[in-house]
Amino acid sequence: MTYVYILQSTKDQKLYIGCTEDIKKRFSEHNKGRVTSTKNRGPMKLIFYESFSDKSDAFAREQWLKTGFGYNHIHKMLAKTLESFEG
């Protein structure tokens, strides 16, 4: 399985979208500061993930989520989750 995941920084509330075959290990790496993109933004919270049996489908989904349309979709899909971090 390949996972597409969304993390939210508890420091600045910004999102990070990634793809991995080992979600537990990757989440741990983010929170230990071993991922350059999130190193200074931790701790991170895992707010969403989905699994794909085909790696290319997962990478396509990750890329789409990083577009403007994808970002809008995330904010609609996770409205209540994201709202809880704002207040």
Side-chain angles (χ1 to χ4, degrees):
M1 286 293 189
T2 304
Y3 299 90
V4 175
Y5 62 94
I6 302 172
L7 304 177
Q8 186 172 36
S9 167
T10 59
K11 186 175 182 180
D12 62 15
Q13 284 69 51
K14 292 184 181 178
L15 302 180
Y16 176 86
I17 302 162
C19 197
T20 185
E21 291 182 7
D22 187 340
I23 197 164
K24 288 181 183 181
K25 179 181 176 190
R26 190 66 172 154
F27 181 61
S28 176
E29 289 171 345
H30 279 285
N31 278 320
K32 289 179 180 176
R34 295 182 182 156
V35 179
T36 304
S37 302
T38 59
K39 185 175 184 173
N40 297 316
R41 296 172 49 207
M44 305 297 285
K45 289 194 108 165
L46 178 65
I47 61 169
F48 178 81
Y49 71 92
E50 55 191 351
S51 61
F52 294 83
S53 57
D54 184 273
K55 188 186 289 191
S56 62
D57 288 339
F59 284 115
R61 175 70 164 169
E62 176 194 15
Q63 292 307 307
W64 183 80
L65 288 172
K66 290 179 177 181
T67 68
F69 291 114
Y71 224 72
N72 286 337
H73 177 73
I74 290 167
H75 283 271
K76 287 178 187 175
M77 178 177 64
L78 301 174
K80 294 293 182 188
T81 299
L82 297 173
E83 204 176 83
S84 69
F85 284 96
E86 294 173 0

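The structure presented is a predicted model; accordingly, all values stated were derived computationally and were not measured.
The closest donor-acceptor contact from the side chain of R61 to the backbone of V4 lies at 3.5 Å or more, if one exists at all. K55 contributes no side-chain N or O that, together with a main-chain N or O of T2, makes up a donor-acceptor pair within less than 3.5 Å.
Interatomic distance, NZ of K45 versus CD of Q13, reported as 11.0 Å (0.5 Å rounding). Rounding to the nearest 0.5 Å gives a distance of 5.5 Å between CD of E29 and NZ of K25. In this structure, CD in E83 is found 9.5 Å from OG1 in T81, a value given to the nearest 0.5 Å. To the nearest 0.5 Å, the span separating CZ on R41 from CG on D12 amounts to 5.0 Å. Put simply, CD1 on I74 and CD on Q8 are 11.0 Å apart, with the number rounded to the nearest 0.5 Å. Here CG of N31 is found 7.5 Å from OG1 of T38. Values are rounded to the nearest 0.5 Å.
In the hydrophobic clustering of this structure, F59 does not group with I23; members are Ile, Leu, Val, Met, Phe, Trp, Tyr whose side-chain heavy atoms approach within less than 4.5 Å, directly or through other members. Taken together through direct or relayed side-chain contacts under 4.5 Å among Ile, Leu, Val, Met, Phe, Trp and Tyr, Y3 and F27 form part of one hydrophobic cluster. In terms of hydrophobic clustering, with Ile, Leu, Val, Met, Phe, Trp and Tyr side chains grouped at heavy-atom distances under 4.5 Å, L82 and I17 are assigned to a common cluster.
Shortest non-hydrogen contact noted between K39 and G33 is CG-O, 3.5 Å. Shown here for G42 and T10, the closest heavy-atom pair between the two residues is C-OG1, 4.4 Å.
Residues H73 and W64 are in side-chain contact: their nearest non-hydrogen atoms beyond the backbone lie under 4.5 Å apart.
Note on ring orientation: taking the six-membered ring where Trp is involved, the planes of Y16 and Y5 are tilted (angle from 30° to 60°).
Within 6.0 Å of NZ on K66 lie more than 12 heavy atoms contributed by other residues, nucleotides or ligands.
Put simply, the residue from L7, L65, I47, L78 that forms a side chain to side chain contact (heavy atoms under 4.5 Å, CB included) with L15 is I47.
Taking the six-membered ring for Trp and the full ring otherwise, the centers of Y71 and H75 sit less than 6.0 Å from each other.
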